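Take a look at the structure set out below.
Order of appearance sets the numbers: ligands from 1, and atoms from 1 within every ligand. This one's a predicted model, so the numbers in the text were calculated from it and none came from an experiment. Just the heavy atoms: all of them, side chains too, but no hydrogens, waters or symmetry mates, feed the values below.
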Amino acid sequence: MAGRFITFEGGEGVGKSTQVKLLAQALEQSGASVITTREPGGTRGAEAIRTLLLDPEGEGWTPEAEVLLFAAARSDHVERVIRPALQAGKWVLCDRFVDSTRAYQGGEGSVSDADVLTLHRIGSKGLLPDLTILLEAADRDTADRLRARDGDNSDRIGGRDQSFHHAVAQRFASIAQSEPERFVRVDGSGTPEEVHERVLAAVRGRLGPIG
Ligand code: TMP
């Protein structure tokens, strides 16, 4: 049987990686075979592209070069890791995927949402998750979490100004609204355990019993 592909999306410091871990543990306890991965990254080549993209000391990229690099990293990740795992019947939990490119790069410069989706079709044969969990939290809460996590060491994209991140959150919300069958919007406020309960309810609600 083909596996299940779940992605976690949202702005900076909203708790995605914690929720990926907690969901993986819950699925494993119920007997599922799970891999967790992240973007940009997940393969040697894609991790190297991650460094190129996010290095705070780097020179930076034009919006067009940036979107091509994210698409290239994703192509490698999908073909070498995600698709083989799904074909082997595994659950794949991924911290960010194409919707991050749509939200972060799709409204910037000359790059449109349609352009991002075209690159995804070329690079990754348009693979989409079975379920995308959009974690949402108030800007104030995430700013506090980020300060605790990164201090002054935020990366090249994470370190952009608040109006950029506000626009990203709005683009995520509108993408989720336009694809209600794939997305569940989950309130990211409260303790990690409280958010995890909401995530579990979303997964069961959309994909059925997990164990
Ligand atoms: P992370 O902090 O969730 O690991 O993500 C790294 C940064 O890369 C974060 O600032 C979001 C950004 N990003 C994009 O701008 N576009 C993308 O497609 C992805 C996957 C991440």
Notebook entry, point to check: Which protein residues have a heavy atom under 4.0 Å from ligand 1?
Noted result: Glu12, Glu39, Pro40, Arg50, Leu54, Phe70, Arg74, Arg96, Ser100, Thr101, Tyr104, Gln105, Asp155, Ile157, Gly158

List the atom pairs, donor and acceptor, that lie under 3.5 Å between side-chain atoms in residues 121-133 and the rest of the protein, sequence neighbours left out.
{"unit_1": "Asp130", "atom_1": "OD2", "unit_2": "Phe5", "atom_2": "N", "d": "2.7"}
{"unit_1": "Thr132", "atom_1": "OG1", "unit_2": "Thr7", "atom_2": "OG1", "d": "2.9"}
{"unit_1": "Thr132", "atom_1": "OG1", "unit_2": "Arg182", "atom_2": "NH1", "d": "2.8"}

Notebook entry, point to check: Is Glu9 paired with Lys16 through a side-chain N to carboxylate O contact shorter than 4.0 Å?
Noted result: no

Notebook entry, point to check: Is it true that Glu12 and Arg160 make a salt bridge, defined as a side-chain N closer than 4.0 Å to a carboxylate O?
Noted result: no

Next item on the list: Give, for atom CD of Glu28 and atom CD1 of Ile35, the distance between the pair rounded to the nearest 0.5 Å.
Entry: 11.0 Å

Next item on the list: Please lay out, stage by stage, how Arg204 and Glu197 fare under the test salt bridge (Lys or Arg N to Asp or Glu O under 4.0 Å).
Entry: CA-CA 11 Å; Arg204 291 195 179 107; Glu197 287 306 317; 5.5 Å; no

Notebook entry, point to check: Are Glu66 and Arg156 within salt-bridge range, i.e. N to O under 4.0 Å?
Noted result: no

